[in-house]
Novice: 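The following block contains the structure, expressed as structure tokens.
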Protein chains: 2
Amino acid sequence: MRQNQARRMALLDAAIDVLAREGARGLTFRAVDAQAGVPGGTTSNYFANRDDLLTQAGTRIYEHMQPDVATMAKSLEGPRDRERVTGLMHDLVERIGAYSVGYLALLELRLEATRRPALRAVLTEQVKANVDANVEYHLGTGLPGDATTVELLYLAMNWLIVERLTLPGVFTEARLRELVDGAVERIVPAG
Amino acid sequence: MRQNQARRMALLDAAIDVLAREGARGLTFRAVDAQAGVPGGTTSNYFANRDDLLTQAGTRIYEHMQPDVATMAKSLEGPRDRERVTGLMHDLVERIGAYSVGYLALLELRLEATRRPALRAVLTEQVKANVDANVEYHLGTGLPGDATTVELLYLAMNWLIVERLTLPGVFTEARLRELVDGAVERIVPAG
DNA sequence: AACGTAGTACTACAAATGGAGTGGTGTCAA
DNA sequence: TTGACACCACTCCATTTGTAGTACTACGTT
């Protein structure tokens, strides 16, 4: 088992690309080798088995999904009203759209989690932590609404992103923006 | 190419099971043979290639996903208020939970659609038709709200179901019911 | 500066797996 | 008798895996 952390991370990032492109079942050691541009057999040296690779990829994705520092800082300025929430939601959709590979990989992992208890446990923790962090952030910064508000936005925005990434022909981009606006208007109380 | 329609449908239903259990990439002709309990090679005789099998499975799922006649009839009685919508949403979540195999297969197909234009076209049509039908039904029966109402409910309910089926540890069943109630309360105007 | 060692990169091999497609034979019904 | 289908068997092909073996690099020691 190799210990070179930089290479291990590079392999995990390659694994995420493979997940998005080929699906969970297409995530073979050799495919990761090819994607990472390393000699065949390398991934075998870094991960004990597919379960190992999948769970580590699951945690790795969340490291990339966090909003960057600038976004977080920006969101601390100005009034804490509904318009602010609308802005945050548009940013969210944009940000995830820009990292669509990660989001698609995460969907693949969710489906794979129905078959792999170890992966399911890891993802459950990550998602729970993510939802809780969103709730705490929202309430902590004084944005309008309660925990249910945040969770309902979470639900609506997630499927909106799924729709946008997997079947972009169902809703136009303009309609999707209207739906983001509409979701905030109806779910978030006027602050 | 065989013409026996009963057997073709049985193979498609087996394909849906395989999709949910093994993922899109696991949908091989031989796996369908095994799932359907027919001799190896049979599926090869009924479908020209994997693309053919996947797209036909995509249309087949929607035949199973329609609410049954009793449900539709029941929903035409009584007042057209917000409580009625709440009931419909709980029914929806229940109904899809009971056919989780179909829903998971559909998710697999969505992801596969990012790689297969033919499948994407088929699914886009199906989903569009489904959303439109929901909107028309809602407005047509005089339930409160507009098209945006229906589409926001569609978004929230879909991800709620994803959460429930793929990572059931994130939200408790009780919390999920509260979220259904909360979604209707906030998204649907008091009728 | 030379040496030894540990960890890593790379190559190559051998084996196993599993799936696709097809030809042939049996069966049933019109 | 004929045509369509069910079933079976076989071959070919592509892919993956794990690991053994070799080469390289960095670093600490003498």
Side-chain angles (χ1 to χ4, degrees), chain A residues 1-58 60 105 108-109 111-116 118-119, chain B residues 1-58 60 105 108-109 111-112 114-119:
Chain A
M1 189 73 61
R2 303 289 187 258
Q3 296 304 327
N4 182 338
Q5 289 302 311
R7 179 161 273 219
R8 164 168 267 116
M9 291 303 130
L11 289 173
L12 285 175
D13 290 340
I16 292 167
D17 286 349
V18 173
L19 274 173
R21 191 159 35 79
E22 308 283 346
R25 185 115 171 193
L27 185 74
T28 66
F29 285 14
R30 286 303 195 269
V32 175
D33 292 337
Q35 176 70 32
V38 299
T42 301
T43 307
S44 290
N45 288 329
Y46 276 85
F47 302 92
N49 47 51
R50 269 171 49 96
D51 232 86
D52 193 18
L53 183 55
L54 284 163
T55 52
Q56 291 196 38
R60 176 69 173 164
E108 293 281 357
L109 287 178
L111 288 169
E112 189 68 13
T114 63
R115 300 155 211 144
R116 294 177 182 270
L119 178 58
Chain B
M1 188 74 62
R2 302 288 186 260
Q3 296 304 328
N4 182 336
Q5 288 303 312
R7 179 163 272 221
R8 164 170 267 116
M9 290 305 130
L11 290 173
L12 285 175
D13 289 340
I16 291 168
D17 286 349
V18 173
L19 274 173
R21 190 159 36 77
E22 308 282 345
R25 185 112 172 195
L27 185 74
T28 65
F29 286 13
R30 286 305 196 270
V32 175
D33 291 337
Q35 176 71 32
V38 298
T42 301
T43 307
S44 290
N45 289 329
Y46 276 85
F47 302 92
N49 47 51
R50 268 173 48 102
D51 232 86
D52 193 19
L53 183 55
L54 284 164
T55 52
Q56 291 197 37
R60 176 71 174 162
E108 293 281 358
L109 287 178
L111 288 169
E112 189 68 14
T114 63
R115 298 154 213 146
R116 294 178 182 269
L119 179 59

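Given the structure is predicted, the values throughout are model-derived calculations rather than measurements. In what follows, every chain begins at residue 1, and chains take the letters A, B, ... in the order their sequences are listed.
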Novice: Compute the bend angle of the helix from C/dA1-D/dT30 to C/dA30-D/dT1 from the end axes (five pairs per end), rounded to 10°.
Specialist: 10°
Novice: Provide, to the nearest angstrom, the distance between the CG atom belonging to B/D33 and the P atom belonging to C/dA20.
Specialist: 9 Å
Novice: With side chains defined as the heavy atoms from C-beta onward, is the minimum distance between A/T42 and A/V32 less than 4.5 Å?
Specialist: no
Novice: Answer yes or no: does a side-chain N or O of A/T28 lie under 4.0 Å from OP1 or OP2 of D/dT16?
Specialist: yes
Novice: Answer yes or no on whether B/R8 is positioned over the face of B/F47, meaning its NZ or CZ is under 6.0 Å from the six-membered ring centre and within 45° of the axis.
Specialist: yes
Novice: For A/T28 versus A/R25, what's the shortest heavy-atom pair and its separation?
Specialist: CG2-O, 4.4 Å
Novice: Do the side chains of B/E108 and A/R115 get close enough for a salt bridge, i.e. N-O under 4.0 angstrom?
Specialist: yes
Novice: Quick check: do B/V38 and B/R7 have side-chain heavy atoms less than 4.5 Å from each other?
Specialist: yes
Novice: Would you kindly give the CD-to-P distance between A/E22 and D/dT15, to the nearest whole Å?
Specialist: 11 Å
Novice: Rounding to an integer number of Å, can you tell me how far B/R50 CZ sits from C/dG19 C1'?
Specialist: 11 Å
Novice: Check whether the side chains of B/T43 and B/D33 place a donor and an acceptor atom closer than 3.5 Å, and report yes or no.
Specialist: yes
Novice: Heavy-atom distance under 4.5 Å between the side chains of B/F29 and B/R50, does that happen here?
Specialist: yes
Novice: All N/O contacts under 3.5 Å from nucleotides 4-14 of chain D to the protein, with atom names and distances to one decimal?
Specialist:
residue: D/dC5; atom: OP1; partner: B/Q3; partner atom: N; Å: 3.1
residue: D/dA6; atom: OP1; partner: B/N4; partner atom: ND2; Å: 3.1
residue: D/dA6; atom: OP1; partner: B/R7; partner atom: NE; Å: 3.4
residue: D/dA6; atom: OP1; partner: B/Y46; partner atom: OH; Å: 3.4
residue: D/dA6; atom: OP2; partner: B/Y46; partner atom: OH; Å: 2.8
residue: D/dC7; atom: OP2; partner: B/R7; partner atom: NH1; Å: 3.2
residue: D/dC7; atom: OP2; partner: B/R7; partner atom: NH2; Å: 3.0

Novice: State which residues pass salt bridge (Lys or Arg N to Asp or Glu O under 4.0 Å) with B/D51; sequence neighbours excluded, sorted by chain then number.
Specialist: B/R116
Novice: Using whole Å, what does the distance between atom C1' of nucleotide C/dA20 and atom CZ of B/R25 come to?
Specialist: 15 Å
Novice: Tell me the interatomic distance from B/L53, atom CG, to C/dG21, atom C1', rounded to whole angstroms.
Specialist: 15 Å
